[in-house]
Amino acid sequence: MPTSPITSDAQTMSALRRTLSLAAARQVVSSSNLANLSTPGYKAQEVDFDEALDQHVGGARLAVTNGRHLGGGSDAAGGFATRVSEEGAARRDGNTVQVDRELLNMTRSAGEFARAQTALAAKFRLVRYAINESR
Amino acid sequence: MSTLNTAVSVAASALSAERTRIEVAVSNLANAGSTRGADGKTYRRRDVVLATDTVRSFDSALGAASATGVKVAAIVEDQTAARRSFDPSHPDADSEGFVELPNINPAEEMVDMVGASRAYQANLTAINLIRDLVSRSLELGRA
């Protein structure tokens with residue numbers, strides 16, 4: 001399937017949007033894990049990385065089947081699958097949540113979110129600049 | 001945005017559950033010597049039962065990242081035997097001179113309380129992180 005060699009604004013924005021939703025999904029999963037820190041038998045969850053990567057890469061390079069196609073988003077936002085995390089031993093009550101790990105994940109995805117947001121804001125500024133005829 | 005709001009409500013559910021744990025631990029500590037509870041018998045140690053609670057949202061209906069909150073399923077009485085102490089002059093002493101004291105171990109309650117307050121702090125940190133994200137995403141619309 002041919003892909004367009006030049007990444008358009010729409011493609012960049014679509015990829016950034018995906019980064020934002022992935023970071024938000026990670027936050028939701030980590031905050032679920034933290035909330036269940038004291039629940040006996042709870043197994044820590046994580047965002048299914050492989051699936052997230054597929055969606056991610058699929059978004060950065062859109063298939064163009066016609067020369068006049070515009071790049072754009074195609075999926076439903078925020079549809080990330082979760083799975084049970086295999087890292088970390090269970091405590092005596094069967095709970096596998098580790099506070100430091102979850103807080104680290106939250107901080108990391110907050111940074112990811114901030115980076116993508118900064119880039120997206122810069123893109124929006126350029127678009128606004130173009131709309132306002134360079135004023 | 002809506003997923004971030006879900007994350008906040010999940011963390012908030014944990015805050016209220018951990019607060020309940022602290023309240024129960026404190027009331028156990030306070031009643032470590034109560035020989036007359038609400039039913040007139042010796043006070044029994046109370047325990048909080050936590051359970052997962054799916055946060056109902058539009059996203060979970062669409063099969064998005066599932067958000068799992070926590071809720072207090074029940075507050076149960078600890079059924080271990082009461083401590084018996086020999087004190088014939090106590091008004092609640094039985095015919096043999098023994099008084100039944102609550103089945104409370106202060107060290108156990110303190111450990112429970114420290115655990116609950118650490119979990120509370122962790123969830124508060126999570127809310128602060130999410131709040132930063134929400135305010136950043138609001139900045140997207142600004143010039």
Side-chain angles (χ1 to χ4, degrees), chain A residues 16-17 20-48 52 76-83 93 95 97-100 102-103 105-118 120-121 123-125 128-129 132, chain B residues 1-18 21 48-55 57-60 62-71 73 112 115-116 118-134 136-143:
Chain A
L16 287 172
R17 191 185 57 109
L20 290 181
S21 356
L22 178 60
R26 285 223 168 99
Q27 295 278 5
V28 173
V29 170
S30 284
S31 69
S32 297
N33 288 344
L34 275 180
N36 287 289
L37 191 58
S38 326
T39 312
Y42 178 82
K43 302 281 176 253
Q45 305 278 318
E46 65 186 6
V47 173
D48 200 334
F80 296 105
T82 55
R83 64 164 183 227
D93 60 358
N95 190 306
V97 180
Q98 292 166 321
V99 189
D100 46 354
E102 299 307 331
L103 283 177
N105 279 342
M106 288 196 88
T107 314
R108 191 185 289 151
S109 61
E112 227 165 74
F113 191 95
R115 277 201 298 280
Q117 188 270 342
T118 309
L120 199 55
K123 275 281 172 202
F124 280 153
R125 259 201 308 280
R128 190 174 292 126
Y129 185 70
N132 291 337
Chain B
M1 272 304 285
S2 69
T3 51
L4 287 179
N5 286 339
T6 316
V8 173
S9 49
V10 164
S13 76
L15 289 187
S16 104
E18 301 297 344
R21 270 180 79 199
V48 177
V49 181
L50 296 178
T52 56
D53 182 25
T54 309
V55 174
S57 78
F58 190 58
D59 297 314
S60 66
L62 291 173
S66 62
T68 319
V70 65
K71 67 176 176 193
D112 226 24
R118 287 284 176 267
Y120 192 92
Q121 284 173 12
N123 280 288
L124 217 51
T125 311
I127 290 185
N128 279 331
L129 279 168
I130 298 163
R131 196 192 53 194
D132 286 352
L133 293 198
V134 172
R136 281 206 77 108
S137 56
L138 286 175
E139 277 169 28
L140 268 178
R142 296 217 188 101

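Proteins get letters first, then strands, A, B, ... in listed order; numbering begins at 1 in each.
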Check your understanding: When heavy-atom pairs shorter than 4.5 Å are enumerated against chain B, which of A:Ser109, A:Ala121, A:Ser38, A:Ser30 gives the highest number?
Key ->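 The option with the most such pairs is A:Ser38.
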
Review point. Which pair of non-hydrogen atoms, one from B:Val70 and one from B:Ala14, has the smallest distance, and what is that distance?
Key: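 Smallest interatomic distance, heavy atoms only, reads CG1-CA, 3.4 Å.
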
Check your understanding: What closest approach, in Å, do A:Ala110 and B:Leu129 show between heavy atoms, and which atom pair accounts for it?
Key ->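 Where A:Ala110 meets B:Leu129 most closely, the heavy atoms are CB-CD2, 4.2 Å.
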
Point to revise | Part of B:Arg118 within contact of chain A (heavy atom distance under 4.5 Å) | key: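 Neither part; nothing is under 4.5 Å.
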
Exercise for review: Under 4.5 Å heavy-atom distance to chain A, tell me which part of B:Ala119 shows up: side chain, backbone, both or neither.
Suggested key: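 Contact with chain A is through both the backbone and side chain of B:Ala119.
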
Check your understanding: What residues form a side-chain hydrogen bond (donor to acceptor under 3.5 Å, both in side chains) with A:Gln98, not counting sequence neighbours?
Key ->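 None.
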
Review point. Sequence neighbours excluded, which residues qualify as side-chain hydrogen bond (donor to acceptor under 3.5 Å, both in side chains) partners of A:Asn33?
Key: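 Testing A:Asn33 for side-chain hydrogen bond (donor to acceptor under 3.5 Å, both in side chains), a comparison that skips the adjacent residues, returns A:Tyr42, A:Glu102.
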
Point to revise | Structural part of A:Leu120 lying under 4.5 Å from a heavy atom of chain B | key: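 Both the backbone and the side chain of A:Leu120 come within 4.5 Å of chain B.
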
Exercise for review: Go through the atoms of A:Thr107 and report whether side chain, backbone, both or neither lie under 4.5 Å from a heavy atom of chain B.
Suggested key: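 For A:Thr107, heavy atoms of backbone and side chain both lie under 4.5 Å from chain B.
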
Practice item. Enter the distance from A:Gln45:CD to B:Thr68:OG1 here, rounded to the nearest 0.5 Å. Key: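 A:Gln45 CD to B:Thr68 OG1: 6.0 Å, rounded to 0.5 Å.
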
